[in-house]
A.B. asks: 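What follows is a structure written as structure tokens; I'll ask about it next.
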Amino acid sequence: MTELSSNGVVAYDVEDGIAWVRFNRPDKRNCMSPTLNRDMLAVLESLEFRDDFGVLVLSGEGTAWSAGMDLKEYFRENEAKGLGATRAAQREAYGWWDRLRWYQKPTIAMVNGWCFGGGYGPLFSCDLAFAANEAQFGLSEINWGILPGGGASKVAAELLPFRKAMYHAMMGENLTGVQAAEWGLVNEALPLDQLKARVTEVAKVLLAKNPVALKATKDAVRRVREMTYDNAEDYLIRAQEAANSFDSEGRKEATRQFIDEKSYKPGLGAYDRTKTGA
Ligand code: COA
């Protein structure tokens, strides 16, 4: 059953282990107002440690994923109130993107349509991203006279090769979902009518994995990007040892199923977690 955030601008369903969270301002192409940013943080926080789902998917109602920041409510109205209001609105927006970046559960951006500017923040926050071929991605900021802020330039520089990031940020031209996949902004693009089925398939693969290992892995991949090799080696040793304290049985059971029981091969798929629950 679909539930709504307190102001109705975020909709969500939890079904078969997947939390489907949606931007819900389709008439405004799901652009991010301060109200939406507050509601989204509240929804993410209320869901995060529930044990009835293991993967969160972020998508949008209607024709947009998100048309970026709300030019009226986020920019113009806060600028009129002064610097304090602008800074408060930034903290709210960046706050839920940060929260999503380090979310307890694996996250997937399911980009069903327009994705502009500030939308690159949550796009990058999600661990994986799948887009409709028909989706459009743009750093449109240059088209209305600002730089791609709110992390958008950083996202482009993180996900794209230098020349492509520069072209994308300076030219104000959109990429289709197909191009976004070729450029590495998303993992895959596929026809809109196949998008949800593919995302469900990916989510189900993740649901069968050890959740402690997934959280440790997704954090590790983000953290090591900014570390020297030696620091990364050290971090990874400690991260695994910390993970062991949350789940000491899973990897032992997995090793037993492979070495002793010979019931699966880790190179070809995940161990059976139902045998011990670990
Ligand atoms: N901020 C504020 N309002 C926005 C918005 C945004 N980022 N994006 C869309 N809207 C509003 C429009 O003003 C319009 O409102 P109205 O019905 O009250 O007139 C409504 O959403 C529908 O937008 P519209 O432009 O008519 O839809 P479209 O389907 O023809 O075009 C877009 C979709 C996304 C191409 C177009 O809305 C657009 O260019 N939006 C701005 C994208 C952008 O530059 N975002 C970067 C912000 S950092």
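Since we're looking at a predicted model, the values are computed, not measured. Quick note: residue numbers are just sequence positions, from 1. Indexing begins at 1, ligand by ligand and atom by atom, following the structure's order.
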A.B. asks: Is the centre of the F75 ring less than 6.0 Å from the centre of the W144 ring?
C.D. replies: yes
A.B. asks: Just checking, R251 and Y271: is the charged tip under 6.0 Å from the six-membered ring centre and within 45° of the axis?
C.D. replies: no
A.B. asks: Does any non-hydrogen side-chain atom of F137 lie less than 4.5 Å from one of N174?
C.D. replies: no
A.B. asks: Could you check which of M32, Q136, K28 puts a non-hydrogen atom nearest to atom 16 (P) of ligand 1?
C.D. replies: K28
A.B. asks: Could you check whether atom 48 (S) of ligand 1 has a protein contact, counting only heavy atoms that fall below 4.0 angstrom?
C.D. replies: yes
A.B. asks: Examine the proximity of ligand 1 to C31 and report which part, side chain or backbone, both or neither, has a heavy atom under 4.0 Å away.
C.D. replies: side chain
A.B. asks: Strictly less than 4.0 Å: does any protein heavy-atom distance to atom 45 (N) of ligand 1 fall in that range?
C.D. replies: yes
A.B. asks: If we ignore angles and hydrogens, is there a donor and acceptor under 3.5 Å between the side chains of S33 and D70?
C.D. replies: no
A.B. asks: Between I142, D27, L71, N174, flag the one that comes closest to atom 22 (C) of ligand 1 by a heavy atom.
C.D. replies: D27
A.B. asks: Decide whether a cation-pi geometry holds between K218 and W102; the criteria are a distance under 6.0 Å from NZ or CZ to the six-membered ring centre and an angle within 45° of the ring axis.
C.D. replies: no
A.B. asks: Check whether NZ of the Lys or CZ of the Arg K265 lies under 6.0 Å from the centre of the six-membered ring of F258 and within 45 degrees of that ring's axis.
C.D. replies: no
A.B. asks: Please tell me if atom 3 (N) of ligand 1 is touched by the protein, where touching means a protein heavy-atom distance below 4.0 Å.
C.D. replies: yes
A.B. asks: List every atom of ligand 1 that sits less than 4.0 Å from any heavy atom of G118, numbering the atoms from 1 in the order shown and giving each element.
C.D. replies: 48 (S)
A.B. asks: Under 4.0 Å from any heavy atom of A67, which atoms of ligand 1 are there?
C.D. replies: 7 (N), 8 (N), 34 (C), 42 (C), 43 (C), 45 (N), 46 (C), 47 (C)
A.B. asks: Could you check whether any heavy atom of T63 sits closer than 4.0 Å to an atom of ligand 1, since that is the contact criterion I want to use?
C.D. replies: no
A.B. asks: Any nitrogen or oxygen of F116, main chain or side chain, under 3.5 Å from a nitrogen or oxygen of ligand 1?
C.D. replies: no
A.B. asks: My question is simple, although I want it checked carefully: is atom 33 (C) of ligand 1 less than 4.0 angstrom from any protein heavy atom?
C.D. replies: yes
A.B. asks: For atom 27 (O) of ligand 1, tell me which residue out of R76, M69, R25, R29 has the closest non-hydrogen atom.
C.D. replies: R29
A.B. asks: For atom 30 (O) of ligand 1, is there a protein heavy atom at a distance under 4.0 Å?
C.D. replies: no
A.B. asks: Just one of R223, K215, R222 clears the side-chain hydrogen bond (donor to acceptor under 3.5 Å, both in side chains) bar with D219, so which one?
C.D. replies: K215
A.B. asks: Distance alone, cut at 3.5 Å: any donor-acceptor contact between the side chains of T2 and D13?
C.D. replies: yes
A.B. asks: Is it the case that R22 places NZ or CZ above or below the six-membered ring of W65, under 6.0 angstrom from the centre and within 45 degrees of the axis?
C.D. replies: no
A.B. asks: Would a search of protein heavy atoms around atom 39 (O) of ligand 1 find one under 4.0 Å away?
C.D. replies: no
A.B. asks: So if I count the atoms of ligand 1 from 1 in the order they appear, which ones are less than 4.0 Å from some heavy atom of S140?
C.D. replies: 43 (C), 44 (O), 45 (N), 46 (C)
A.B. asks: Taking the side chain as every heavy atom from C-beta outward, state whether K164 and H168 have any pair of such atoms under 4.5 Å apart.
C.D. replies: no
